[in-house]
Amino acid sequence: MRHCAFLLAVLLFFAPTAADAQNTQDLEVGFKAGGALSTFHGNTGAITRGGSLDYQRREGFHAGAFVSIPLNAVLSVRPGLTYVQKGATVNDTRAFGVDSSTPIDVQESYEFSYLQLPLLLEARLPTGRSFQSYLVLGPSVGVNVQKDIERNEEVQTEAIPESEVNPLEVGVIGGFEVGYEVRNLGTVTLGAHYDLGLNQIIPDDEAAAEKGKEAEFRNGALTLSLGYRFSL
């Protein structure tokens with residue numbers, strides 16, 4: 001959250017320069033696609049019921065579109081729609097349970113896909129005529145559209161039932177983008193964003209607690225994208 005506060009402070013720092021700008025922004029439409037590296041953060045050990053595993057990054061994909069609506073010469077509001085793959089993988093050797101001391105090879109796969117509706121504040125930073133740079137920050141609401149959880153048969157504890165996965169995800173997205181304007185054709189962009197989930201993947205309810213799955217863990221994903229945006 002400290003990183004988000006810093007990014008917001010930078011956005012607001014550049015806002016007063018709008019009064020001195022000679023040109024105003026145009027309404028723009030953009031598209032982006034690229035890779036996603038995701039994992040879990042929080043109390044991830046709880047889902048093993050006695051073991052603590054090292055959750056590794058899952059490699060995935062994301063793609064989306066957005067509209068950049070100018071507020072002034074620097075700031076824009078950027079609603080969008082994004083498909084993104086999240087989750088984590090495990091390939092570890094641990095002992096499980098109170099009565100078990102024999103190490104077991106653990107192989108798990110948590111694959112989630114979301115349709116997200118981000119609403120970002122975008123700041124266009126001062127650069128050269130052909131080059132553009134942007135800072136973005138804002139909330140996002142996602143709907144789970146795919147969930148696939150697998151665990152190898154040697155592990156006697158039950159993997160998280162797919163029915164218990166939270167159907168909604170609320171998060172915050174922040175990032176940086178650079179672009180190169182192609183003569184009157186639009187701007188090609190490269191971007192890096194971090195998507196931090198704020199609510200638990202498994203809802204904190206009594207039914208989950210009784211089954212020993214009261215894990216407090218959330219999604220976190222780094223996305224790298226290639227994009228294109230143009231004025232209407």
Side-chain angles (χ1 to χ4, degrees), residues 3-4 6-38 58-86 113-143 145-146 169-197 219-232:
H3 295 84
C4 295
F6 172 76
L7 191 56
L8 180 60
V10 174
L11 289 174
L12 296 177
F13 174 80
F14 285 102
T17 63
D20 300 327
Q22 297 180 352
N23 300 309
T24 58
Q25 299 185 60
D26 296 324
L27 181 69
E28 291 184 306
V29 173
F31 303 90
K32 64 174 185 175
L37 296 174
S38 64
R58 177 203 174 193
E59 298 179 357
F61 170 81
H62 80 282
F66 61 87
V67 177
S68 181
I69 305 170
L71 300 176
N72 51 43
V74 174
L75 296 178
S76 299
V77 175
R78 201 168 100 172
L81 176 65
T82 304
Y83 169 83
V84 59
Q85 296 175 334
K86 300 182 182 182
S113 296
Y114 295 87
L115 274 181
Q116 294 187 164
L117 296 171
L119 182 61
L120 307 180
L121 180 65
E122 174 186 271
R124 186 186 298 247
L125 307 183
T127 53
R129 178 173 297 181
S130 297
F131 288 93
Q132 306 289 342
S133 59
Y134 314 87
L135 285 174
V136 295
L137 177 67
S140 175
V141 176
V143 178
V145 295
Q146 183 266 339
E169 180 177 70
V170 178
V172 61
I173 298 175
F176 178 72
E177 301 172 2
V178 295
Y180 180 78
E181 185 176 354
V182 182
R183 297 180 181 178
N184 300 322
L185 296 177
T187 302
V188 178
T189 62
L190 292 174
H193 305 81
Y194 192 78
D195 183 346
L196 178 66
N219 281 310
L222 173 67
T223 60
L224 304 174
S225 61
L226 174 65
Y228 175 72
R229 54 193 295 166
F230 58 92
S231 301
L232 293 180

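By convention here, the first residue in the shown sequence is residue 1.
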Review point. If only atom types and distance count, is the side chain of His62 paired as donor or acceptor with the main-chain N or O of Tyr83 below 3.5 Å?
Key: no

Exercise for review: Please lay out, stage by stage, how Ser68 and Glu28 fare under the test side chain to side chain donor-acceptor pair (under 3.5 Å).
Suggested key: CA-CA 5 Å; Ser68 181; Glu28 291 184 306; 4.5 Å; no

Review point. Any side-chain heavy atom of Pro70 within less than 4.5 Å of one from Leu27?
Key: yes

Exercise for review: Could you list all the salt bridge (charged side-chain N to carboxylate O under 4.0 Å, His left out) pairs where at least one residue sits in residues 59-86, not counting sequence neighbours?
Suggested key: Arg78-Glu122, Arg78-Glu177, Lys86-Glu169, Lys86-Asp195

Check your understanding: How far does CZ of Phe66 sit from OG of Ser76, to the nearest 0.5 angstrom?
Key -> 10.0 Å

Practice item. Return the set of residues passing ring-ring contact (aromatic ring centres under 6.0 Å, His included) with Phe61 (not counting sequence neighbours), or none when no residue passes. Key: none

**Study point:** From Leu125 atom CG to Gln132 atom CD, the distance as rounded to the nearest 0.5 Å
**Key:** 9.5 Å

Practice item. Taking the side chain as every heavy atom from C-beta outward, state whether Leu226 and Thr189 have any atom pair closer than 4.5 Å. Key: no

Point to revise | Contact summary for Val84 and Ala36, nearest pair of heavy atoms | key: CG2-CB, 4.3 Å

Exercise for review: Over all heavy atoms of both residues, which pair between Ala192 and Leu224 is shortest? Give the atoms and the distance, please.
Suggested key: CB-CD2, 3.7 Å

Practice item. Kindly compute the distance separating CG (Leu190) from OG (Ser225), expressed to the nearest 0.5 Å. Key: 7.5 Å

Practice item. State, to 0.1 Å, how close Tyr114 and Gly142 come at their nearest heavy-atom pair, and which atoms those are. Key: CD2-C, 4.4 Å

Review point. Listed by chain and number, what are the ring-ring contact (aromatic ring centres under 6.0 Å, His included) partners of Phe176, not counting sequence neighbours?
Key: none

Review point. Within a strict 4.5 Å, meaning less than it, do heavy atoms of the Ile173 and Val136 side chains meet?
Key: no

Check your understanding: How long is the gap from NE2 on His193 to OG1 on Thr82, to the nearest 0.5 Å?
Key -> 9.0 Å

Exercise for review: Could you grab the distance from atom OG1 of Thr223 to atom OH of Tyr194, nearest 0.5 Å is fine?
Suggested key: 10.5 Å

Check your understanding: Which heavy-atom pair separates Phe230 from Leu232 by the least distance, and what is that distance?
Key -> CE1-CD2, 3.7 Å

Check your understanding: Between atom CG of Leu119 and atom CG of Leu137, what is the distance when rounded to the nearest 0.5 Å?
Key -> 11.0 Å

